[in-house]
Visitor: 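Handing you a structure now.
Chain letters run A, B, ... following the sequence lines, proteins first, then strands; residues in each count from 1.
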Number of protein chains: 2
Amino acid sequence: MASQVSSENWMPENSRLEILQAAAESFEQRGFSATSIDDVARMLGCTKGRIYHHFGSKADLFAAVFRLGMEMNFAAVEPLTHTDASAADKLRMMAEEHVRQMVTTKSFQRVVWEGVELLMRGALTPEQRDECLRLQQSRKRYSALFRAQMKQAKADGALHYDDLSVATQVLFTCLNSPVFWYRPRIADLRKDQDAVIEQVVRFGLNGLGLKEG
Amino acid sequence: MASQVSSENWMPENSRLEILQAAAESFEQRGFSATSIDDVARMLGCTKGRIYHHFGSKADLFAAVFRLGMEMNFAAVEPLTHTDASAADKLRMMAEEHVRQMVTTKSFQRVVWEGVELLMRGALTPEQRDECLRLQQSRKRYSALFRAQMKQAKADGALHYDDLSVATQVLFTCLNSPVFWYRPRIADLRKDQDAVIEQVVRFGLNGLGLKEG
DNA sequence: TGTGAGCATACTACTCGGTATGTTGTCAAC
DNA sequence: GTTGACAACATACCGAGTAGTATGCTCACA
């Protein structure tokens, strides 16, 4: 699997990114609690010392992966909200870029998913409550980007869902689903990704009751 | 939360069921590896001895919860495949009963989800490989029930999805989604459940390109 | 009265998060 | 060019938690 994070220019901050990449893959494969710090270190060919030099704890490392994943999502999707197009068209573009994130930065997005689950269960220590809340706020803000377009598109008569909260939950679960089952094909990588993205987005928008054409 | 497993008739096999129920709720809340056998025992107000008397290992306990969850799904869905109705109508009824399982036996179904993930990552010991394979086969058989109707409904011109495998993955992720976000309301329980089920099923079928009416 | 199911108790071996400390290379200042 | 200082690790170690086991206890029932 080629590195999902640019790794040219071997400089200071780069070591930290390399750790985040390995942590994302480890957490993706075994989940948070089944992944040991030594697992991540072994994947990097180093020892715990290096990891604890950059991150205060296992939870901090996990949170950093979560944060980076969310940042990549915002960077991909937020600009689209400022274009002038119909809410339905904006929603389609946002969904496409979101799903593209799911397949191109899958490890990080799988961690984001587990992070959301952990936040829902409130399984983190109170000493990290503020960081915890910031992540939750970030997640909510991101979700709100989509909710706004969904609401407007329904008002425009382009969508026909019932309850906004339920629709949002199902839509995100649907759009996020590639993090569970997508496996990149070696050949025709870009074409393969585009085909999957198109199908998932179509499923999601049709699920929201989109009137085609 | 009222017991999801019938608990009248306090007799021999019942102790085992009570353990399975507690295990399902524990695994649901913290996941497999973050749940200790002592956690389950504490929830039951007993000690490990009782659990290890009925189950050989933590993995065995997890597998038993998984198996029971799948059995409940089969019991709810498989009879519908034998009725004579259009493939699209059968698929709708199957989806409704499937989602009903997700909300009424949520703990078990959340464990089934994690079990599928663990199977995909192949994270179990080789000594339990046969049990592992049986669970996987069970899961595949269940999925095939839906795939068959999806295929027929597409041939009938009632559905319009592209790739069957992708469509199946997204559909199941969508139909299963209540295990992550559904929280039962105390009042109007049945009405609340029915409303959620209807919305999720509609999302899923529309996602598959169902022609309404 | 003994026999085994159905547990509880006590204990072991081991993993893993976290810390304390040692080592090395780099770089700046004199 | 020597030295101090600090970043960036590696090594060694500790303590808590936990899966699994070995054994003890009790009560129903034959």
Visitor: With a non-hydrogen cut-off below 4.0 angstrom, is A/Thr47 in contact with a base, only sugar-phosphate, or nothing?
Guide: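 The answer is base, as A/Thr47 lies within the cut-off (heavy atoms under 4.0 Å) of a base atom.
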Visitor: Can you tell me which nucleotide in C/dT19, D/dT21, D/dC9 comes closest to the side chain of B/Lys48?
Guide: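 The nucleotide sitting nearest to the side chain is D/dT21.
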Visitor: How is B/Ser33 classified with respect to the nucleic acid when contacts are heavy atoms under 4.0 Å: base, sugar-phosphate, or nothing?
Guide: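 No contact at all - B/Ser33 keeps every heavy atom at 4.0 Å or more from the nucleic acid.
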Visitor: Can the ring centroids of B/Trp113 and A/Phe180 be said to lie less than 6.0 angstrom from one another?
Guide: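 That pair passes the under 6.0 Å test.
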Visitor: If you check every side-chain atom of B/Ile37, which of D/dA19, C/dA8, C/dG18 has the closest atom?
Guide: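 Shortest atom-to-atom distance from the side chain points to D/dA19.
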Visitor: Distance check needed: C/dG17 P versus A/Arg50 CZ, whole Å only.
Guide: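 Answer to the nearest Å: 18 Å.
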Visitor: Thinking salt bridges, do A/Arg42 and A/Asp38 make one under a 4.0 Å N-O criterion?
Guide: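 Answer for the salt bridge query: no.
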Visitor: Quickly work out the A/Leu61 CG to C/dG18 P distance and round it to whole Å.
Guide: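 Nearest whole value for this atom pair: 10 Å.
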Visitor: How long is the line joining CZ of B/Arg42 and P of D/dG17, in whole Å?
Guide: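 About 10 Å, once rounded to whole Å.
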Visitor: Find the distance B/Tyr52:OH to D/dG20:C1' and express it as a whole number of Å.
Guide: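 Spelled out: OH on B/Tyr52 to C1' on D/dG20 is 5 Å.
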Visitor: Would you name the heavy atoms of A/Gln199 and B/Asp163 that are closest together and state the gap between them?
Guide: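 Result for this residue pair: OE1-N, 3.0 Å.
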Visitor: Kindly say whether, by distance alone, the side chain of B/Lys58 makes a donor-acceptor pair under 3.5 Å with the base of D/dG20?
Guide: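 Such a pair does not exist between side chain and base.
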Visitor: With a 4.0 Å cutoff (strictly under), does any side-chain N or O of A/His53 reach OP1 or OP2 of D/dC9?
Guide: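 So the side chain of A/His53 is outside the cut-off, no N or O lying under 4.0 Å from OP1 or OP2 of D/dC9.
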Visitor: What integer distance in Å separates A/Phe55:CZ from C/dG18:P?
Guide: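 Rounding to the nearest Å, CZ of A/Phe55 and P of C/dG18 are 14 Å apart.
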Visitor: If you compare every side-chain N and O of A/His54 against the phosphate oxygens of D/dA7 (OP1, OP2), does one of them come in below 4.0 Å?
Guide: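 Looking at the OP1 and OP2 atoms of D/dA7, neither is under 4.0 Å from any side-chain N or O of A/His54.
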Visitor: DNA chain C: A/Asp38 or B/Cys46, which has the more 5' nearest nucleotide?
Guide: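 Nearest-nucleotide comparison on DNA chain C picks B/Cys46.
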Visitor: Please report the distance, rounded to the nearest Å, between CZ in A/Arg16 and P in D/dC9.
Guide: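 After rounding, the reported distance stands at 13 Å.
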Visitor: Does a side-chain N or O from B/Ser36 land closer than 4.0 Å to OP1 or OP2 of D/dG17, or not?
Guide: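 No.
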Visitor: Starting at the 5' end of DNA chain C, which residue's closest nucleotide do you reach first, A/Gly49 or A/Ala34?
Guide: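 The 5'-side residue here is A/Ala34.
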Visitor: Does A/Arg134, at its CZ atom, have more than 12 non-hydrogen atoms belonging to other residues, nucleotides or ligands within less than 6.0 Å?
Guide: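 Enclosed: over 12 neighbouring heavy atoms sit under 6.0 Å from CZ of A/Arg134.
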Visitor: What about the rings of A/Phe172 and A/Phe146, do their centers lie closer together than 6.0 Å?
Guide: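 A/Phe172 vs A/Phe146: aromatic centres under 6.0 Å.
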